**Student:** 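One structure follows; several queries about it will come next.
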Amino acid sequence: AALLADGRVVTWGNKDLGGASRSVQDRLQNVVQIKSTGGAFAAILSDRSVVSWGSPKNGGDSTLVQPLQNVRQIQASQNAFAAILFDGKVVTWGCPYSGGDSSKVAAQLENVKEIQA
């Protein structure tokens, strides 16, 4: 995927692994950051919301953690995403074994300054 200077995103490659963004293309406007796992992409928009696409098991489906608003940063592992919000909380999605399920440590993920995968 490529983030263009005007905030649009162009994708290519395997459609099952994020190479086709047709289902979300109308929402991929004013993008400020994109990240990828091994089979999905996530984009932060200028309104600080998130759009994801690609293989659901690789983080391409963020509907279970929607609405993702006020997102400061996204990081990606091989199969999951983590987003740090402006309030210092962290939201994760994707494969639970790759970091997509942070529910057991959610209470500790407050006032987070930085995340890494």
Side-chain angles (χ1 to χ4, degrees):
L3 174 57
L4 305 179
D6 66 1
R8 293 180 298 127
V9 173
V10 176
T11 59
W12 63 92
N14 186 321
K15 66 180 176 72
D16 296 325
L17 300 176
S21 59
R22 182 167 294 161
S23 65
V24 296
Q25 193 64 49
D26 62 322
R27 296 172 51 208
L28 290 175
Q29 307 294 322
N30 303 309
V31 174
V32 296
Q33 180 190 30
I34 56 174
K35 291 287 185 174
S36 67
T37 64
F41 292 87
I44 299 178
L45 308 181
S46 62
D47 69 358
R48 308 316 286 182
S49 64
V50 171
V51 176
S52 61
W53 69 96
S55 169
K57 64 183 177 183
N58 295 102
D61 180 5
S62 57
T63 58
L64 294 177
V65 293
Q66 291 288 353
L68 273 171
Q69 301 290 327
N70 300 312
V71 175
R72 187 172 74 198
Q73 176 191 20
I74 293 177
Q75 289 291 350
S77 69
Q78 181 63 31
N79 300 305
F81 291 104
I84 184 170
L85 308 180
F86 278 101
D87 66 4
K89 294 181 181 175
V90 173
V91 177
T92 59
W93 69 98
C95 176
Y97 305 109
S98 296
D101 180 3
S102 59
S103 60
K104 291 184 179 180
V105 295
Q108 298 171 57
L109 295 176
E110 295 186 6
N111 300 311
V112 174
K113 180 178 170 183
E114 183 178 352
I115 54 175
Q116 291 295 323

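Every value quoted in this text rests on a predicted model; they were computed, and no experiment measured them. Residue numbers run from 1 in the order of the sequence given.
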**Student:** State, to 0.1 Å, how close Gln73 and Gln33 come at their nearest heavy-atom pair, and which atoms those are.
**Tutor:**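 That would be CA-OE1, 4.0 Å.
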
**Student:** Taking ILVMFWY side chains as joined if any heavy atoms are under 4.5 angstrom apart, and letting links pass through other members, which residues group with Val71?
**Tutor:**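 Via sub-4.5 Å side-chain contacts, Val71 links to Val32, Ile44, Val50, Val65, Leu68, Ile74, Phe81, Leu85, Val91, Trp93.
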
**Student:** Got a sec, which residues hit salt bridge (charged side-chain N to carboxylate O under 4.0 Å, His left out) with Asp87, two or more places apart in sequence or on another chain?
**Tutor:**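 Partners of Asp87 by the salt bridge (charged side-chain N to carboxylate O under 4.0 Å, His left out) criterion come out as none, since no residue qualifies.
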
**Student:** Among residues two or more places apart or on two chains, list those pairs meeting ring-ring contact (aromatic ring centres under 6.0 Å, His included) that have a residue in residues 46-77.
**Tutor:**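 Checked against ring-ring contact (aromatic ring centres under 6.0 Å, His included) - neighbours excluded - the pairs reaching residues 46-77 are Phe41-Trp53.
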
**Student:** With heavy-atom distances below 4.5 Å as the criterion, would you say the side chains of Leu17 and Ser55 are in contact?
**Tutor:**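 Leu17 reaches Ser55 side chain to side chain.
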
**Student:** Looking at every heavy atom in both Ser21 and Thr11, which two are closest together, and how far apart are they?
**Tutor:**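 Shortest heavy-atom separation between Ser21 and Thr11 comes out as OG-OG1, 2.9 Å.
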
**Student:** Shared ILVMFWY cluster between Val90 and Leu64, side chains joined below 4.5 angstrom?
**Tutor:**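 No; tracing contacts between hydrophobic side chains, which count when under 4.5 Å, never links both residues.
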
**Student:** Can you sort out the partners of Leu3 under side-chain contact (heavy atoms from CB on, under 4.5 Å), two or more places apart, ordered by chain and number?
**Tutor:**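 With neighbours one apart ignored, the set is Val9, Val31, Ile34.
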
**Student:** Can you name the residues that form a salt bridge (charged side-chain N to carboxylate O under 4.0 Å, His left out) with Arg48, not counting sequence neighbours?
**Tutor:**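 So Arg48 forms no salt bridge (charged side-chain N to carboxylate O under 4.0 Å, His left out) with any residue.
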
**Student:** Evaluate side chain to side chain contact (heavy atoms under 4.5 Å, CB included) for Leu28 paired with Val51, printing each intermediate quantity in order.
**Tutor:** CA-CA 7 Å; Leu28 290 175; Val51 176; 4.0 Å; yes

**Student:** Where is the tightest heavy-atom contact between Glu114 and Val112, given as atom of each residue plus distance?
**Tutor:**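 Looking at all heavy atoms of both residues, the closest pair is O-CG1, 3.4 Å.
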
**Student:** Do you know the tightest heavy-atom contact between Ser52 and Val24?
**Tutor:**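 Of all heavy-atom pairs spanning Ser52 and Val24, the closest is O-CG1, 4.0 Å.
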
**Student:** Assess whether atom OH of Tyr97 is packed by more than 12 heavy atoms of other residues, nucleotides or ligands within 6.0 Å.
**Tutor:**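 Counting neighbours around OH of Tyr97, 12 or fewer heavy atoms of other residues, nucleotides or ligands fall under 6.0 Å, so no.
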
**Student:** Would you name the heavy atoms of Ala80 and Ser98 that are closest together and state the gap between them?
**Tutor:**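 Result for this residue pair: CB-O, 3.5 Å.
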
**Student:** Mind listing the closest non-hydrogen atom pair of Asn14 and Asp16 along with its distance?
**Tutor:**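 Taking every non-hydrogen atom into account, OD1-N, 2.8 Å.
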
**Student:** First locate atom OG of Ser77, then atom CD of Gln116, and finally report the distance between them rounded to the nearest 0.5 Å.
**Tutor:**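 Interatomic distance, Ser77 OG to Gln116 CD, rounded to 0.5 Å: 12.0 Å.
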
**Student:** Which other residues end up in the same hydrophobic cluster as Trp12, if Ile, Leu, Val, Met, Phe, Trp and Tyr are linked when side-chain heavy atoms come under 4.5 Å apart?
**Tutor:**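 Reading the cluster by chain and number, Trp12 sits alongside Leu4, Val10.
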
